[in-house]
Structure formats: C-alpha cells, structure tokens
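Each remark here refers to the structure printed beneath this line.
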Amino acid sequence: MRYSNFFIPTLREVPAEAEVISHKLMLRAGMIKKLASGVYNYLPLGLMVIRKVENIVRQCMNEAGAIEMLMPSIQPSELWKESGRWDYYGKELLRIRDRHDRDFCYGPTHEEVITDVVRSYISSYKNLPINLYQIQTKFRDEVRPRFGLMRGREFMMKDAYSFDMDDAGANISYEKMYKAYCRIFESCGLKYKVVEADTGSIGGSFSHEFMVLADTGEDFVISCGSCDYSANVEKAISVNEFVKSEEELKPAEDVITPGVKSVEDVAGFLKIKPEQIAKTMIVRVDDRLVAIMVRGDHEMNEAKVKNYFKATTVELASYDSIEEATGGPAGYSGPVGIKVPVYADYAVASMVNYCVGANLKETHSININHGRDFDFADVDDFRNAREGDTCHKCGGKYMITKGIEVGHIFKLGTKYSSSMNAMFLDKEGKRQPFIMGCYGIGVTRVAASAIEQNHDENGIIWPVQLAPFKAVVVPLAVKDEEVMRHAEAVYKRLSDMGMEPLLDDRDERAGVKFTDAELIGIPVRITLGKKTLEKGCAEVTVRKTGETTEVPLPDCAEAVKKILDSLL
RNA sequence: CGGGAUGUAGCGCAGACUGGUAGCGUACACCCUUGGGGUGGGUGUGGUCGCAGGUUCAAAUCCUGUCAUCCCGACCA
C-alpha cells in the first residue's frame with residue numbers, strides 16, 4: 001500500500017473525549033472516529049486491524065470444528081418473549097419498532113436466534129453435536145459507554161453456540177472452545193489469563209473468562225501465587241480463615257455519631273479500626289428483603305448473595321425499604337431488632353465486641369455481639385476476595401491484577417432450549433432439549449486491549465500478528481529519483497514476500513514520517529536516505545526496541561523477515 | 001439513574017465575571033525557505049459561538065428550557 005493512495009488521518013492533538021490510552025491512540029492513529037456516544041466509524045487502518053483479529057478467530061474456530069454463518073442484527077421480539085428475556089434483559093436491549101408497530105430489537109447477543117435456527121432443522125441426535133458461530137455487529141445500550149472501543153455500545157463480536165445431545169458431549173464442546181480460545185489469544189500475541197467466572201444473568205452452570213492483562217483493565221482478577229487457581233472477583237472463593245477472639249464480652253451501648261455514616265467516618269469518629277465495625281446492608285433479593293453483614297473493611301459481593309439465595313435479582317434496598325426493614329434511616333442500619341433475617345459473612349461471625357448501626361438517626365452501637373444481642377439466620381461467603389486472602393485450593397495467598405475481559409465461555413445447559421422448546425429425538429426416540437454452550441469474543445475489544453498492552457509514549461506497538469502493515473518503507477527524499485527507485489525495489493520485494501508493507505511516498509519531512517510510523521505502530525521501519533544509500537545500505541528500525549541497524553540493500557527484505565519472526 | 005463538568009473553525013483552546021457583532025495555536029491552500037525527528041517566514045480559506053425561547057437599542061457573554069458529550073458513582077451478556 002502506498003501512503004499517498006491510502007487514508008490515515010493521524011492527529012497531532014488528542015480529542016478531549018479520550019481518557020484511556022487505547023482510545024487516545026486509536027483516535028490519533030486515525031483508526032476510529034466517533035459518530036455518537038459509544039458508536040464509532042472504523043477508518044481503514046482500524047478496519048485492517050479488526051480484520052486481522054477476525055481472521056485469527058475464524059481460523060481457530062474452523063480448526064476447532066465450528067461452522068461460520070451470519071445472523072441478522074435486527075431480531076423480532078417474539079423470540080425474546082419466548083425465552084423470557086424481552087422483559088428480563090432491561091434497558092440495555094435497544095428496542096425498535098417497525099412501520100407496522102411490531103417490536104424488534106438490535107441484537108445484543110444471539111442465543112434466541114440460533115436456538116430458533118437449530119430447532120427448525122435439527123431433530124435427531126445423529127446430527128449432533130454442532131457448533132455454529134458468526135462474527136457480527138452487536139448493540140448493547142450501555143448505561144455509560146466509555147473508553148472508546150473498550151466499552152462501546154456498538155461493537156463487533158464473535159459468538160458461537162454449541163448444541164449437544166448430553167452433558168458429557170456438552171463438556172467436550174466446552175473444552176474444545178476453551179482450547180480454541182487459548183490458541184486465539186496466543187495467536188494475537190496477547191498476554192492473557194483464564195479465570196473462573198460467575199455465569200451472571202445469561203444463566204448456565206459454569207463459565208470462564210479470558211482476560212487480557214493490562215493496568216487500565218476494568219476487571220479485577222484474583223489469582224493464587226502458589227497454584228493455578230484464578231477467578232474474577234465475583235467468583236473468587238473466600239474461605240473462612242477467621243478465628244474468633246477470646247476477648248470477654250462487654251456490655252453493649254449506644255453512641256451518638258452526628259453526621260457520621262460511612263465506615264471510614266465511624267472508624268475515625270470512634271477512634272477504632274474499620275475491622276471492628278460490621279456493615280449491615282439491607283438487600284432486596286427478588287421480592288423480599290434481607291440483611292447482609294460484612295466486616296467494615298470488606299465489600300459485599302452481590303453475585304455471591306444472588307447465588308446463595310438462588311435469586312434472579314439482587315439489589316441494594318431503597319431508602320424506603322430500609323426504613324421499613326430497620327425502623328431507622330439509611331446509613332445507620334444494624335442487625336439488632338430488625339424485621340428481616342440477618343445473614344453474615346464468615347469474617348463477621350468471628351468478630352467480638354463490634355460496632356454496628358443502631359437503626360436510629362445518628363447513632364451507632366458498640367460492643368455488639370451475635371448470639372447475645374441478635375442471631376444470624378446463616379453464615380456464608382458474601383464478600384469480595386482481597387489481595388492476601390488465603391487460597392481455597394492450596395492455602396497460598398491471593399494476588400490481584402487488572403484485566404480486560406475479551407472472551408467469555410458459558411456452559412448454558414438447557415436454559416434456552418427448554419424455554420424455546422428446542423428438542424431432538426435421542427437414541428431411544430425420546431424428546432430431549434439440546435444441551436447448549438455459548439462462547440463470545442469481543443473482536444473490537446481485542447484490538448483495543450492489544451494497544452493497552454503494547455504501546456509507549458510515541459504510540460502503538462502492534463504485535464506482529466495484528467499489525468495492519470508489518471513493515472513501512474520510508475524514503476526520505478521522494479523527489480530524488482535514486483532514493484525512490486531503491487524504495488520501490490525494497491517495497492516490491494517485501495510485498496512479494498507477503499510482508500504487507502506500507503510505502504510512505506508522501507513528500508513530508510523525515511520527522512513527520514517517523515512520528516506517524518511510530519504512532520500507527522508498524523513493527524519494522526526501513527529508512528532510505530541519501531547518506532546510507534551511498535554505502536549501499538538502508539536502515540532497519542525495530543519499533544518495539546528502537547534498535548536500528550544498517551543493512552545492505554539486497555539483504556533488507558531478509559533482515560526484516562528475520563526481525564518479524566523474532567517478534568512472534 | 002445520582003453527583004460533577006463541558007459545548008466557540010477539522011483538532012486543542014482563549015473570549016463570558018464587567019453585553020458592543022469573535023480570536024490564538026495547529027491543520028488546510030498558495031509563495032519563499034528548509035530537507036535525517038512535527039523547519040522558518042509570509043499571504044489566505046474556513047465559525048448559524050450546540051439548539052430554542054427570553055431580557056436588551058445590542059447577546060458567544062445575562063436568564064429559562066432543551067439536546068449532546070465527557071468524568072466519578074451505581075449498573076452491566
């Protein structure tokens with residue numbers, strides 16, 4: 001590709017809208033342009049990178065036996081009503097209406113559609129298993145889109161769906177995808193980690209997330225320093241590692257705490273540690289209220305609460321509900337004398353003489369003890385795991401790192417096949433629902449996360465596998481015929497060798513060309529200037545290291561190839 | 001949805017408090033200059049000041065409403 005025939009509108013200044021590095025660099029490198037909040041144009045360079053990701057995904061999926069198809073982005077409401085998600089999915093589902101007043105949505109995911117396809121055509125175990133996938137544009141009306149392609153509303157996703165006749169088969173399908181995903185992220189040249197995940201509202205029995213490790217990640221990954229356990233914060237198991245103190249029980253008393261609500265404030269006001277306070281949160285679990293207690297310095301984990309109660313929704317109660325449950329205002333809730341059952345995290349169960357809200361305005365109670373002042377309905381794991389916690393598998397210590405969720409695989413079971421009556425006949429001639437799995441990869445997010453993981457102050461440093469061009473040929477004097485003749489020759493050789501070169505034939509100063517080449521992140525640069533040409537050489541510069549070597553012209557292409565291979 | 005902020009040329013910003021009909025940098029076009037890290041100089045093009053009302057002789061500026069965007073939080077297959 002010749003730069004002068006292409007379209008890479010690089011920006012010298014960063015548009016004010018960008019916050020994270022991948023967003024800034026994608027805008028500056030002329031890869032994307034925002035059209036609306038969370039909705040982007042993919043400019044030529046951006047599209048090239050997305051295609052690279054797509055192709056890697058496609059190849060690995062095909063190798064794993066999945067079959068590509070394409071489903072519509074617009075879906076009729078009927079299917080969603082069948083699965084029950086039309087009411088359940090919420091505002092994230094962008095609903096639209098056609099001229100006949102029929103309800104549709106812009107697909108955020110395609111479980112319903114694929115289930116409809118499969119139930120129409122597959123009615124025998126003889127046609128199973130099958131795994132169908134697509135690479136499609138999705139739309140999720142996120143509450144707060146941000147970070148460019150990292151959390152857009154419209155984005156590209158590869159989604160695959162497997163259908164099996166029994167549980168054992170479904171596990172094999174899942175395993176195949178697990179392995180395919182590992183190959184995909186390795187092939188993209190990314191550092192990633194697989195973690196156990198909560199299945200969330202998509203339902204199902206087990207699930208793994210594929211996280212690209214980067215400091216700007218929005219998700220926290222818990223992993224053990226001693227064994228191979230890793231999980232996201234929602235899922236990571238916190239063991240009961242607390243020993244109850246032998247301390248003598250003191251008489252309870254109330255303390256006036258004017259304007260003091262948060263744990264931090266209470267701790268400061270009473271001159272105690274947050275660990276001596278127990279937070280009491282009133283939570284709405286489906287349509288009833290319960291109280292959940294966690295230690296002052298811990299965080300309640302809603303996913304764990306949800307799973308404990310086998311509930312479909314869990315949310316913090318409204319102020320009205322809190323008053324109803326406790327008789328006191330929000331911010332001063334405590335476990336003593338309230339109308340709802342009290343569930344405690346393990347850590348709370350080991351506490352003695354602790355501080356809680358008194359269910360009275362501006363009042364806390366100290367030296368409270370369960371068993372004497374109130375009773376737990378039950379004790380379990382209700383909090384987020386933290387760095388330094390004991391690993392439930394091996395007794396090692398948890399570490400916490402940040403990651404970007406780029407892939408998620410679920411074993412769905414029969415959630416959709418049952419609700420949508422997708423059945424086949426088994427060997428005995430009995431009707432059975434398909435056992436399903438679903439497997440997603442955020443294609444556009446992979447591109448963004450590659451930048452988060454690979455950049456420096458001058459711009460992007462593409463992993464070779466994702467680079468839109470693998471090498472850029474930079475003649476410094478395009479008006480000099482001699483220089484251009486050599487540049488063209490090198491360009492052609494690289495091109496013939498399949499190295500997807502870019503020829504910067506613009507009549508620009510050296511600085512401009514160098515800056516742009518670095519910004520858009522081409523792995524190798526071949527510079528041709530008069531001085532080095534006199535020696536019959538070109539300069540070959542590695543983007544990642546900045547290392548430059550003079551190479552005789554005839555050896556140029558080989559040298560580039562060697563460097564590219566070494567970067568893989 | 002709660003809190004905070006911003007909307008002025010493609011991009012980055014000033015002007016607003018104190019009303020008088022819009023400016024700087026960059027980008028873009030042309031001329032000269034320079035030619036291995038965004039060269040220097042000059043001449044230009046480009047703006048319904050987000051939108052709609054209102055106050056006023058006069059509104060980018062004051063008032064009301066509205067829309068959009070961003071940040072923090074809540075939420076999130």
Side-chain angles (χ1 to χ4, degrees), chain A residues 9-20 23-24 27-28 30 33-39 80 83 85 88-93 105 107-112 138-148 150-153 155 157-159 161 197-204 207 209 218-219 232 234 299-300 302-303 306 313-316 318-319 405-410 412 415-416 438-442 445 458-459 474-480 483 504 506-519 525 527-534 538-539 541 546 548 550:
Chain A
T10 57
L11 302 176
R12 188 184 288 217
E13 282 171 293
V14 199
E17 70 195 45
E19 184 69 12
V20 298
H23 189 193
K24 284 182 185 167
L27 289 168
R28 285 232 292 140
K33 171 167 167 55
K34 185 174 73 180
L35 183 62
S37 179
V39 179
W80 286 74
S83 72
R85 286 208 290 185
Y88 183 60
Y89 209 96
K91 286 190 190 156
E92 210 176 300
L93 184 65
C105 63
T109 175
H110 284 69
E111 279 84 9
E112 281 81 1
K138 312 267 193 210
F139 193 94
R140 289 180 193 172
D141 202 356
E142 294 275 352
V143 186
R144 181 144 100 85
R146 53 184 141 178
F147 305 149
M150 202 74 104
R151 180 174 284 263
R153 292 193 290 174
F155 57 98
M157 178 166 164
K158 186 283 308 175
D159 47 326
Y161 305 90
D198 188 76
T199 48
S201 61
I202 200 164
S207 170
E209 283 174 355
E218 287 186 271
D219 296 306
N232 71 15
E234 303 241 289
E299 285 175 357
M300 183 180 73
E302 287 188 20
K306 191 160 145 182
T313 60
V314 165
E315 56 181 12
L316 287 175
S318 65
Y319 284 6
E405 181 190 347
V406 288
H408 202 157
I409 58 179
F410 298 86
L412 287 177
K415 177 173 166 144
Y416 296 92
C438 80
Y439 318 92
I441 288 180
R445 194 183 269 190
N458 296 319
V474 181
L476 293 179
V478 294
K479 286 174 180 157
D480 183 314
V483 171
D504 194 345
R506 295 174 300 169
D507 184 11
E508 288 285 356
R509 313 199 106 232
V512 174
K513 295 188 179 195
F514 293 160
T515 310
D516 277 340
E518 281 155 14
L519 176 60
R525 186 181 85 211
T527 312
L528 294 114
K530 279 183 195 166
K531 287 175 203 160
T532 38
L533 275 177
E534 277 166 19
E539 284 166 31
T541 306
T548 298
E550 285 192 8

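Quick note on labels: first sequence line is chain A, next is B, and so on, each numbered from 1.
- When heavy atoms are screened at a 4.0 angstrom cut-off, A:Lys531 is found touching no nucleic acid atom at all.
- Applying the 3.5 Å distance criterion, the base of B:G38 shares no donor-acceptor pair with the side chain of A:Glu508.
- Taking only side-chain nitrogens and oxygens, A:Arg12 comes nearer than 4.0 Å to OP1 or OP2 of B:A27.
- A distance of about 27 Å separates the P atoms of B:G47 and B:G54, rounded to the whole Å.
- When the nearest nucleotides of RNA chain B are assigned to A:Glu405 and A:Ser37 by heavy-atom distance, the more 5′-ward of the two goes with A:Ser37.
- Between A:Met157 and A:Gly440 the shortest heavy-atom distance is CE-CA, 3.8 Å.
- The separation of B:A22 from B:G12, taken at their P atoms, amounts to 23 Å, rounded to a whole angstrom.
- The same atom, C1', is picked in B:A14 and in B:U6; the two are 15 Å apart, to the nearest Å.
- The two residues A:Val483 and A:Leu528 make their nearest non-hydrogen contact at CG1-O, 3.7 Å.
- Each of A:Gly440 and A:Glu17 lies near RNA chain B, and the nucleotide nearest A:Glu17 is the one positioned closer to the 5' end.
- Base-pair partner of B:G38: not found among the strands shown (Watson-Crick or G-U wobble, both distances under 3.5 Å).
- Contact annotation for A:Ala477: no contact, since no heavy-atom pair falls under 4.0 Å across all strands.
- Here, B:G42 and B:A5 have their C1' atoms 41 Å apart, quoted to the whole Å.
- Using a 4.0 Å heavy-atom criterion, one finds that A:Pro15 contacts the sugar-phosphate atoms exclusively.
- Salt bridge status for A:Glu111 with A:Arg85: present, with a side-chain N to carboxylate O gap under 4.0 Å.
- Distances shown here put every side-chain N or O of A:Arg146 at or beyond 4.0 Å from the OP1 or OP2 atom of B:U69.
- Across every strand in view, B:G23 sits in a pair with B:C13 that passes the Watson-Crick or G-U test at under 3.5 angstrom.
- Only the C1' atoms considered, B:G65 is 25 Å distant from B:U21, to the nearest whole Å.
- Contacts of A:Arg525 with the nucleic acid, taken as non-hydrogen atoms under 4.0 Å apart, include base atoms.
- Taking atom C1' in both B:C24 and B:U8, one finds a spacing of 12 Å when rounded to whole Å.
- Across all strands shown, B:G53 pairs with B:C63; the Watson-Crick or G-U wobble distances both stay below 3.5 Å.
- Residue contacts for A:Thr515: at a heavy-atom cut-off of 4.0 Å it reaches a base atom on one of the strands shown.
- A cation-pi arrangement is not found for A:Arg445 relative to A:Phe155, the charged atom failing to lie both closer than 6.0 Å to the ring centre and inside a 45° cone about the ring normal.
- Contact annotation: A:Lys91 does not reach the phosphate of B:C76 (side-chain N/O to OP1 or OP2, under 4.0 Å).
- For A:Pro475 against A:Lys513, the heavy-atom pair with the smallest separation is O-NZ, 2.9 Å.
- Between the side chain of A:Thr532 and the base of B:G36, a donor-acceptor pair under 3.5 Å is found.
- Residues A:His408 and A:Ala197 approach most closely at NE2-CB, 3.8 Å, considering heavy atoms.
- For A:Arg144 against B:C76, a side-chain-to-base donor-acceptor contact under 3.5 Å is absent.
- Separating the C1' atom of B:G40 from that of B:U34 is a span of 7 Å, rounded to the nearest Å.
- Heavy atoms of A:Glu518 sit under 4.0 angstrom from at least one base atom.
- Across all strands shown, A:Leu476 has heavy atoms under 4.0 Å from base atoms, whether or not it also approaches the sugar-phosphate.
- Across B:C28 and B:G38, the matching C1' atoms stand 16 Å from one another, rounded to whole Å.
- Atom CZ in A:Arg153 sits roughly 14 Å away from atom C1' in B:C76 (whole-Å rounding).
- Here A:Asp507 lies in heavy-atom contact (under 4.0 Å) with a base.
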